[in-house]
Every structure is written in C-alpha cells, then in structure tokens.
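First up is the structure itself, then whatever we jot down about it.
None of the values given here were measured: they were computed from a predicted structure.
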Amino acid sequence: MNALQKINNRPDSFYFQKKDAREDTEYLKSRFNEIKQSTQDIQEDVKKYLNYCTAEKLHIDKSAVLASKKTISNVFKVLDSMKDINLDPLLPVVDYSKLVTELLQKYRALLHAVLSASLILDWRSPSYNQSIDAMFFTLNCQNNTEINYNRYRSARLSNLENHLTNIFSLDTTQNKLLMTSSGMAAYNLIESYLIRYVLKSNDIVLIPHYIYFETYEQISRLPMVKIERSNTYDATKIYELILNKKPRVVFLDPVTNTSELRMVNIEKIIEQLETQIFEDDIYLVIDGSMISGELLPFSKLKNEKIKILYYDSCSKYLQLGLDISMGGLVVIPAPISKIISRLRTNTGTIMYDNSVSSFPIYSLKIYKQRMKRFTRNAILIGKTIEEEKMLSSVVQVNYPLLKSHPDYLLAKKYDSNGAILTFSFSDPLLNERNSLNKFINIALSLAKKQEISLVKGLSFGFSLPRIFASSARPENNNALPYLRLSVGDRSYCETKLLANILLEAFKIHTNHTKSRSQIKNKIHGIKNTKI
C-alpha cells in the first residue's frame with residue numbers, strides 16, 4: 001500500500017500522528033546517538049594524541065587540547081540532559097512541532113560542536129615526523145607514505161565514503177563513490193574527466209530534456225563539442241535520439257528541477273541501450289539530486305561500452321537538510337576511479353574535513369524513512385489543494401505521485417519522489433514574480449497566526465517547510481517563475497494544518513487577483529467604448 005492509499009484509507013489523524021511520533025523518536029534518538037559516538041571517537045583520538053606526544057617527548061598544543069576537552073565535556077553534558085526522548089502523539093500540534101524543532105536545533109548545534117572538537121587540534125597539512133613540536137592530531141599521518149594534504153584526501157573522508165558506499169550497497173568492483181565539496185563540484189569533476197579523457201573535436205553531446213541551468217551553462221560553452229538539444233521525456237524517444245545522433249555523452253535526470261517535475265525512465269533507456277553494439281564508449285551523465293539515492297545501486301551493466309557517471313548534491317537530502325556545509329558525491333565506474341580521484345585532487349573539488357566532520361552518519365533505514373515522510377507529506381498537501389473544487393481551474397499542482405501528473409506510473413516505481421511540490425496558475429498575472437511573492441506573504445502571515453512553521457527561501461530537503469518563487473533559469477529575467485514548496489519532514493497533523501493554511505492562502509490570493517483583474521478589464525472596456 002503506497003502513501004496515497006494510506007492517507008485515503010485512514011482518515012483518523014491520530015493513527016498517523018502516533019506512527020510519526022514513533023518514527024520521530026527513533027530518528028532523534030539515532031541523531032543524538034551519532035553525536036555521542038562521534039564525541040567518544042574524538043575523545044579517544046585526544047587520548048592517543050597525548051599518549052603519543054608523551055612517549056615521543058613532544059610539546060603538545062595545550063590551548064587546543066584544553067579547548068577540545070572543554071567542548072567534549074560540554075557535549076556530554078547536553079547529551080546527559082536529554083536521554084529520555086519520547087514524543088507524545090497526544091501533544092497539541094503546536095507543542096509537538098516546537099519540541100521537535102528544538103531537538104533538531106540541539107542536534108545541529110551539537111554537530112557544530114563536534115566539528116570544532118574534531119578540527120581544533122588538526123592541521124590541513126599535518127607533519128609526518130617532528131623533533132619537539134606537534135603539528136598533527138590523528139596518528140595515521142605519522143610516518144605516512146602518502147601525501148599529508150587535505151586536498152589529496154584524509155582518513156575521515158575515506159571513512160565517510162566507505163559508509164555511504166555501504167549505505168547504498170554499491171559493488172566496489174563495479175563502482176566507486178567519491179565525495180566532493182558541492183553538487184556543482186561533483187558535476188565539474190565529471191566534466192573535467194570528459195574534457196580530458198573522452199570528448200574530442202566535434203563529438204556530440206545529447207541533452208534530450210531540461211537539465212539544471214548551471215550544468216547546462218558549463219557544458220554548452222565547451223567550444224569543441226556539438227550540443228544536440230531536444231525536449232522529450234519519453235524513454236523510447238530518447239533511446240531513438242541516441243541511436244540517430246550517435247552522441248558520445250548523454251545527460252539524463254530522473255526528475256527535472258522545473259515547475260513540471262517531469263520524470264525520465266533512465267532504467268528503461270539503459271536496458272534498451274544494452275542491446276546495441278557501440279563502436280565507442282557512450283557516457284550517461286545522471287544528476288540524482290532531486291531523488292537522492294533512489295537510483296542507487298545501478299544494476300551491473302552487461303554492455304561494457306555504456307558508462308554511467310552519476311552525481312548528487314549532498315546539501316539537500318543526504319545531509320538531512322541540516323545546511324551546515326556544502327557537499328556532493330560522484331559514483332563512477334571502478335576502472336576510471338583512480339583517474340577521477342586524481343582529477344579531484346588537481347581541481348580542488350574534494351570534500352574537505354570541515355565538511356566531512358559535520359556530515360551526519362545514519363543507517364539506510366533512517367534515511368529511507370525520512371525520504372518516505374517527504375513523499376507522504378507532498379501527497380497530503382498536493383491532494384488537499386488539488387481536490388478543492390473552487391481552485392481546480394485556477395491552480396495546477398505538480399508532484400509525480402499525484403494521479404494528475406503525466407509520469408505518475410513511473411513515479412510509483414520509487415520509494416520516494418522527493419520533497420518538492422510546485423504550483424502554477426491559469427491566470428498569467430498570478431505567475432509573475434511579484435504576485436508569487438505576495439502569495440508567499442499571505443501564506444507566511446496565515447502560518448504565523450496558526451503558529452505553524454513555514455519559511456521563505458530557495459533550496460529543498462529541509463525539516464521545516466520552505467517556499468520560494470523559483471525559476472528553471474534564474475539567470476534569465478524573462479524566464480517564467482513558479483511557486484515551489486519543499487514540504488518538510490514534519491508530522492502528519494502539522495502537515496495537515498500547513499495544507500489547510502496553503503489552501504486558504506490560495507483562495508485569498510486568487511480571489512484578490514480575480515477582483516483586480518475584473519476591475520482592470522472594466523476600466524479597459526470603458527476606455528475603449530465608442531460614443
């Protein structure tokens with residue numbers, strides 16, 4: 001039974017709120033357990049550092065040791081004060097929401113503290129050996145045969161990469177996961193490889209549908225390649241384009257970052273391509289940021305000519321919406337991993353330790369549970385607005401798992417379709433940026449009165465719902481904006497209240513604009529009346 005069926009079959013809010021309270025309790029406990037484990041690891045590293053310096057008769061960094069110990073002590077004090085997390089589903093919605101928000105804020109603050117404790121003794125280019133003064137923290141850099149330089153890699157980074165490799169069940173004989181400093185750094189790492197090792201003069205790069213505007217800016221300005229563009233999301237048509245155009249590189253997104261949120265059946269395209277004989281390798285560049293993790297792991301390819309270069313912006317879902325630092329990852333074929341790893345070093349696109357140390361560690365169950373919550377909440381809000389008769393001809397709601405969406409059947413294949421809902425209006429006046437911002441102000445005002453959280457801002461994947469007047473091409477002032485909501489991972493009852501608030505905001509805004517439009521038309525009619 002999918003999320004939509006559950007909502008339709010269980011109208012009693014308490015059932016969902018009770019389930020959410022259990023999941024939220026598990027989630028928050030896992031977050032604070034992670035903090036505890038990380039802090040214990042740092043404490044152990046400090047102990048090893050001090051023992052090593054004593055044995056080698058080295059002068060320690062006393063100020064840094066004191067600051068690290070003090071931070072560790074403070075973290076443990078906070079953790080001791082909150083051992084018994086047990087969220088009550090019977091709490092009033094506002095009180096429940098405030099409690100969850102406060103606990104998440106404590107978790108985020110503790111992550112910052114852990115980051116500080118882990119780095120204050122460390123160096124980005126630690127020493128290998130020394131006479132009397134310590135310029136290192138973790139002992140793995142001592143007498144190391146590799147380069148001690150954070151741009152090359154670190155033990156922390158390797159641990160995180162191994163963790164995410166295990167989370168997404170990647171076969172390391174087939175694929176290699178590498179972390180980068182941002183989502184765009186991940187793309188630029190892939191592009192750097194394509195430029196230096198794949199693309200030749202007049203090679204064709206096929207872009208069959210919309211791709212993220214910054215990615216398009218990059219690839220479209222390469223002088224030596226020919227860009228072939230189309231506007232189709234149909235897997236068979238894309239497959240036929242590949243056969244006809246014979247591109248060296250093809251860009252594919254499972255869900256497009258546009259108002260329509262169109263989907264592409266990438267698995268079907270790959271299955272069709274596997275039956276073909278290619279003279280040269282063909283590279284499929286896939287941006288998985290909109291539904292992080294849903295395409296991983298890839299099935300083992302039978303056709304060795306097909307190469308998948310996958311990338312993802314970790315700043316959205318993979319960092320649990322904490323927004324502490326930027327991050328990205330690539331998943332690339334194992335045989336070229338050494339080349340791409342070296343390019344990551346040379347281009348400085350690696351994820352540095354300050355980002356690694358604040359990256360949350362979680363189980364696949366915890367991650368999937370949160371992603372499913374986004375899907376449930378998006379359906380709940382989408383259905384609430386879509387089913388309002390007085391708005392049905394005024395507001396178009398877009399989410400792949402709504403039956404009105406053209407890619408509904410494809411969307412059902414995935415556990416989650418992400419957190420983004422978009423809205424567009426039939427009246428062109430309402431789709432102007434100023435009008436969209438007026439709607440947002442109405443929604444924020446109503447949410448404030450009801451004490452329900454809603455924030456205005458770009459990006460997505462946060463715990464709190466976030467709304468923004470977005471655009472597929474923000475650099476183009478003439479590009480039509482649209483209303484985008486990141487639904488948040490809040491409880492059922494809070495999300496239901498938010499849905500009702502947005503519903504009321506749509507009614508107020510559309511009625512106001514309708515009246516204004518009618519007055520405008522009357523004035524226009526009077527002016528043009530012949531006497």
Original post:
side chain to side chain contact (heavy atoms under 4.5 Å, CB included) between V395 and F425: does it pass, once the steps are laid out?
Top reply: CA-CA 5 Å; V395 180; F425 297 92; 3.7 Å; yes

**OP:** State, with a plain yes or no, whether a side-chain heavy atom of L329 is found less than 4.5 Å away from one of Y310.
**Re:** yes

Subject >> Worked verdict on T495 versus I381 for side chain to side chain contact (heavy atoms under 4.5 Å, CB included) >> reply: CA-CA 7 Å; T495 305; I381 293 173; 3.8 Å; yes

Original post:
Which heavy atom of P254 sits nearest a heavy atom of I266, and at what distance?
Top reply: N-CD1, 3.6 Å

**OP:** Identify the heavy atoms of K302 and E274 that sit nearest to each other, and give their distance.
**Re:** N-OE1, 2.7 Å

Hey, can you pull the donor-acceptor pairs under 3.5 Å for the side chains in residues 189-196, sequence neighbours left out?
unit_1: E191; atom_1: OE2; unit_2: Y187; atom_2: OH; d: 2.6
unit_1: S192; atom_1: OG; unit_2: R196; atom_2: NH1; d: 2.7
unit_1: R196; atom_1: NH1; unit_2: S192; atom_2: O; d: 3.3

**OP:** First locate atom CZ of R229, then atom OH of Y210, and finally report the distance between them rounded to the nearest 0.5 Å.
**Re:** 10.0 Å

Subject >> Side-chain ion pair, D20 and R376, N-O less than 4.0 Å >> reply: yes

**OP:** Check the pair Q218 / N188 against side chain to side chain donor-acceptor pair (under 3.5 Å), numbers first and verdict last.
**Re:** CA-CA 8 Å; Q218 293 294 99; N188 277 294; 2.9 Å; yes

**OP:** May I ask you to say whether R153 pairs ionically with E161, meaning some side-chain N is under 4.0 Å from a carboxylate O?
**Re:** yes

Subject >> Test item: R31 side-chain N/O and P360 main-chain N/O as donor-acceptor pair under 3.5 Å >> reply: no

**OP:** Kindly write out the residues that satisfy side chain to side chain contact (heavy atoms under 4.5 Å, CB included) with E386, not counting sequence neighbours, or none if the list is empty.
**Re:** K383, V397, L402, S404

**OP:** Work out which heavy atom in P333 is nearest to a heavy atom in I308; give both atom names and the distance.
**Re:** CD-O, 3.3 Å

**OP:** Mind checking side chain to side chain contact (heavy atoms under 4.5 Å, CB included) for S289 and listing every partner two or more places apart, or none if nothing turns up?
**Re:** D287, D312, S313

Subject >> K246/D280 ion pair, N-O < 4.0 Å >> reply: no

Original post:
Got L391 and L503 here, is their nearest side-chain heavy-atom distance under 4.5 Å?
Top reply: yes

**OP:** List the steps, then state whether ring-ring contact (aromatic ring centres under 6.0 Å, His included) holds for F506 with F423.
**Re:** CA-CA 10 Å; F506 277 117; F423 308 91; 5.1 Å; yes

Original post:
Just wondering, more than 12 heavy atoms not from K245 lying within 6.0 Å of its NZ?
Top reply: no

Original post:
Is any side-chain heavy atom of S459 closer than 4.5 Å to a side-chain heavy atom of K316?
Top reply: yes

Subject >> Set of side chain to side chain donor-acceptor pair (under 3.5 Å) partners for Q272, sequence neighbours left out >> reply: none

Original post:
Is any side-chain N of the basic residue among K237 and E240 closer than 4.0 Å to the acidic one's carboxylate O?
Top reply: no

Subject >> From CA spacing to verdict: side chain to side chain donor-acceptor pair (under 3.5 Å), Y27, R373 >> reply: CA-CA 12 Å; Y27 179 75; R373 177 76 68 87; over 6 Å; no

Original post:
Residues in side chain to side chain contact (heavy atoms under 4.5 Å, CB included) with T422, at least two apart?
Top reply: S259, L261, N398, I420, Y482, R484

**OP:** Could you pull out all residues at least two apart from N437 that satisfy side chain to side chain donor-acceptor pair (under 3.5 Å)?
**Re:** K456

Subject >> Where S181 and A185 come nearest, the two heavy atoms and their spacing >> reply: OG-CB, 3.3 Å

**OP:** List the steps, then state whether side chain to side chain donor-acceptor pair (under 3.5 Å) holds for R262 with Y233.
**Re:** CA-CA 7 Å; R262 291 303 307 269; Y233 300 92; over 6 Å; no

